[in-house]
4 protein chains.
Amino acid sequence: MAKVAAASSSKSAPRKWTRRAEARPEEILDAALEEFTEKGFDAARMEDIARRAGLSKGGVYLYFDSKEALLKALIEAKIGPIAQNAQLIAQAGAADPINALKLLARAAISRFADPKVFAVPRLVVGLSGRFPEFAAHYRTHVVEVARAALESLVAAAIARGEFRDIEPRAAVRAFIGPILFEAMWTHVLRGESAFDTPEKLIEQHFDVVLHGLAKERTS
Amino acid sequence: MAKVAAASSSKSAPRKWTRRAEARPEEILDAALEEFTEKGFDAARMEDIARRAGLSKGGVYLYFDSKEALLKALIEAKIGPIAQNAQLIAQAGAADPINALKLLARAAISRFADPKVFAVPRLVVGLSGRFPEFAAHYRTHVVEVARAALESLVAAAIARGEFRDIEPRAAVRAFIGPILFEAMWTHVLRGESAFDTPEKLIEQHFDVVLHGLAKERTS
Amino acid sequence: MAKVAAASSSKSAPRKWTRRAEARPEEILDAALEEFTEKGFDAARMEDIARRAGLSKGGVYLYFDSKEALLKALIEAKIGPIAQNAQLIAQAGAADPINALKLLARAAISRFADPKVFAVPRLVVGLSGRFPEFAAHYRTHVVEVARAALESLVAAAIARGEFRDIEPRAAVRAFIGPILFEAMWTHVLRGESAFDTPEKLIEQHFDVVLHGLAKERTS
Amino acid sequence: MAKVAAASSSKSAPRKWTRRAEARPEEILDAALEEFTEKGFDAARMEDIARRAGLSKGGVYLYFDSKEALLKALIEAKIGPIAQNAQLIAQAGAADPINALKLLARAAISRFADPKVFAVPRLVVGLSGRFPEFAAHYRTHVVEVARAALESLVAAAIARGEFRDIEPRAAVRAFIGPILFEAMWTHVLRGESAFDTPEKLIEQHFDVVLHGLAKERTS
DNA sequence: TATGAATGAGTCTTCATTCAT
DNA sequence: AATGAATGAAGACTCATTCAT
């Protein structure tokens, strides 16, 4: 990481190899994510990652200290954007919570549809036993942030009388769970999709989750 | 596996070490599951598995041909019970679909609360990139079976006018997703639980999922 | 080292592979000393050491944790005997210090004539910059012990009026230095010997050095 | 070495970087000696040497063909002066051999007290197994030269009746050995000095050694 | 059945060396 | 003359697997 920082922070002085060296860390990270996803952290070979990133075996070590450091950098690098999204939309949409939730769901679904994006949480899941710290990092920086954002939206919706008086945490669970399930089904189990476009999934999701299953309302 | 069959079928001739030998494959499988869960398939050492199962390094090979064979046997061995459950309850509960769904949810939640049980799907997720056949096996023998059972229950409920006319698949997704999410949160991310007893989770789950989020019913 | 201890301490229970496994650590140590002496610690390859000891690459790691651990064990294993010698003779010869000194010199010279024996101090010298702890260990456990033994002999000789009243430390230096020099000349510089038998060297050594120390002049 | 010659012979055309380029080989040699002494030849990294000499990794190769060439140049560069010294003093002091010996001893002791100076022989010792040619070179160009010079002095002293009729070679051994021993003690074993000033060591040395050699007893 | 010594293929990692700029 | 990104050979170390006992 120190290495990466050092390499990528020297933007001021003009270099001859500019494009290459500047872009390298990112290229390696991408290559690593692909290899890790395909083979798993342990089974992935550093040389394959290097080759995929367009350099030789030893080249990776110019940017990352070790395989584990590469993994760590990878997780941290890919985590930020996701978490930030959640926060921003949540704040922006306090005025119209239900609409904000819809926006968020739409964003989450379309992002999770991209294998590249889903690859990171998937990796974290696979490695959680061996590297609990990554799982913890992910929980703290991504899931809890998103959760808090969603809960406040739900709370707002309840306050406005737009939602029933339910446990916000349970609502969030009901909101995210199906999206997670669908992503697992698609990327991990490689099951076939039951709808033609993502839009259809979103629609279904809202239909069921926002409106409920039961025909007759008891409460 | 051929080995396993051979080993466990020799029940005729009584020997002094009978008990041990008979129980061995199961013991090894359990030990393997624990090691695999803690360290991951690759990082787990055969010797540690053997030690945990109470025999020596070479001993494991008397029952399983290789590490990969052990993994395969493990997944298959732990998969059956789950899938069967789903089928049984589904059939049994056709008369009262909503109640059957409740029973199923209750069963799923309490089972997933047990780390040992959740360990297998977790393992499958981690290895899905490297061994897609396991993921496929899991999808076919477990998830699709359960899904079909649930969908038929939902369809029955719709037919009886107890559920709105929604896409059964979407309903199932909404039904299972939150349970999966909670299990991930607990076992993978090691997040703290927001409720005291599993019973409370079940209650919340029903409250939200079965009755819906929206206060005002549009349809 | 823990490994070695564990392996060599199990002498009670009879094993089938007795000879081999019991003898292994010693065989490896010898092989390592030879390789280290010929090529130096860094340039020596573990596989060559293993091969020379009669096993395969990985075999060495059954007895020693790492190359460095092997080096450490080697130095410690070969150091003990030397130091003990010094102490024993020193105590035994308190009654006739000059004779004791002669015995010691004779022992030191003949031992240093053996390349295997001189190899260890030689190794320590070569590695002293990188592993100062080994040099310190050698100084403390070998040189200082020998030095103390010799000094007390010299002091005894002075007290008896057999040696002039000189600084014991200087006397010891004059006593050991030439022996060290000769060993260096022979083993390190591979210079030719100027005498036919070691006995001749001993004679010359006494002629010059003891003369420098003795109170009464004979010639 | 060819490179070094080429680089240092280009004195004709004055350039702006003149001073630097002219001094470079020497700077690199010094840096190399320090690194080699601290870490050993193998463990020393070319980049560290370069950095210490004030240039970058690749820069060293403008002056030396390889790491081994650098080592060779280093040993040769640092050897000359020592050997020449010996010869000069030896010839100059033929008239008063004992005094010449004293001068030589004094010179040797004070030179060996300097870690930089002792570093070269120390390096040669450590590498003698791997590069016997360096040891041979050192023996031929340094030790044998010095030895011859000293032996002729001793022979002269014997001829003049100032020394007893002893084997000159043994006398030289007795003369140099203690100095070598002291240097080893100080630099290699990092043992504490037993005297305050080098002068004191010289005094002690003469007291013991010259006594062993001298015909007439003074005390 | 069970053991654990032994093997050797497989990988990470280092670093001398090269070369475009 | 100088740089430092890049290469790739080399070597320490691990561990699944075998096999004599």
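Keep in mind that the numbers below use all heavy atoms, side chains included, and drop hydrogens, waters and symmetry copies. Residue numbering restarts at 1 for every chain, and letters A, B, ... go by the order of the sequence lines. Owing to the predicted nature of the structure, the values given are computational and were not obtained by experimental measurement.
Base pairing of F/dA20: its partner is E/dT3, meeting the Watson-Crick or G-U wobble criterion (both donor-acceptor distances under 3.5 Å).
Nearest-nucleotide assignment on DNA chain E puts the 5′-proximal partner with C/Gly59, out of A/Asp42 and C/Gly59. The 5' end of DNA chain F is approached more closely, in terms of each residue's nearest nucleotide, by A/Gly58 than by the other of A/Gly58 and B/Ala43.
Going from atom CG of A/Leu55 over to atom C1' of F/dG4 covers 15 Å, rounded to whole Å. In this structure, CG of B/Leu70 is placed 16 Å from P of F/dC15, rounded to the nearest angstrom. Regarding B/Phe64, its CZ atom lies at a distance of 16 Å from the P atom of F/dT18, rounded to whole Å. Protein atom CG of B/Leu71 is 14 Å distant from nucleotide atom C1' of F/dA16, rounded to whole Å. Distance B/Asp48 CG to F/dT17 C1': 16 Å, rounded to the nearest Å. To the nearest angstrom, P of F/dG11 lies 17 Å from CD of A/Glu47. Rounded to whole Å, the distance from CD on C/Glu68 to C1' on F/dG11 is 15 Å. Between the NZ atom of A/Lys39 and the P atom of E/dG10 there is a distance of 14 Å, given to the nearest Å.
For D/Arg45, the listed nucleotide lying nearest its side chain is E/dC15; candidates were E/dT17, F/dA2, E/dC15. Comparing E/dT3, F/dA2, F/dT17 by their nearest atom to the side chain of D/Arg24 picks out F/dA2. Comparing atom distances between the B/Arg51 side chain and each of F/dT7, E/dG4, E/dA2 picks out E/dG4 as nearest. Each of F/dA2, E/dG10, F/dG8 was ranked by its minimum atom distance to the side chain of C/Lys57; first place goes to E/dG10. Side-chain atoms of A/Met46 lie closest to E/dT13 of the nucleotides E/dT13, E/dA6, E/dT17. The side chain of A/Leu62 lies closest to F/dA6, out of F/dA6, E/dT17, E/dG8. Side-chain proximity of D/Tyr61 to E/dT13, F/dA12, E/dT18: nearest is E/dT18.
Residue D/Ala44 is classed as a sugar-phosphate contact, given heavy-atom separations below 4.0 Å to backbone atoms only. Counting non-hydrogen atoms under 4.0 angstrom, A/Lys67 reaches the backbone sugars and phosphates but no base.
Using a cutoff of 4.0 Å between basic side-chain nitrogens and carboxylate oxygens, D/Glu47 and D/Arg51 are scored as salt-bridged. A salt bridge between A/Arg52 and A/Glu27 is absent, with no side-chain N of the basic residue lying under 4.0 Å from a carboxylate O of the acidic one.
The side chain of A/Tyr63 contributes no N or O atom lying less than 4.0 Å from OP1 or OP2 of F/dA5.
The distance from atom CZ of D/Arg45 to atom NZ of D/Lys39, rounded to the nearest 0.5 Å, is 7.5 Å.
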Are D/Tyr61 and D/Met46 close enough, and set up right, to give a side-chain contact (heavy atoms from CB on, under 4.5 Å), and what steps lead you there? CA-CA 10 Å; D/Tyr61 289 87; D/Met46 285 297 267; 3.6 Å; yes
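Checked by atom type and distance alone, the side chain of D/Lys67 pairs as donor or acceptor with a backbone atom of D/Phe41 at under 3.5 Å.
Put simply, the side chain of D/Leu127 reaches to within 4.5 Å of the side chain of D/Leu71, judged on heavy atoms.
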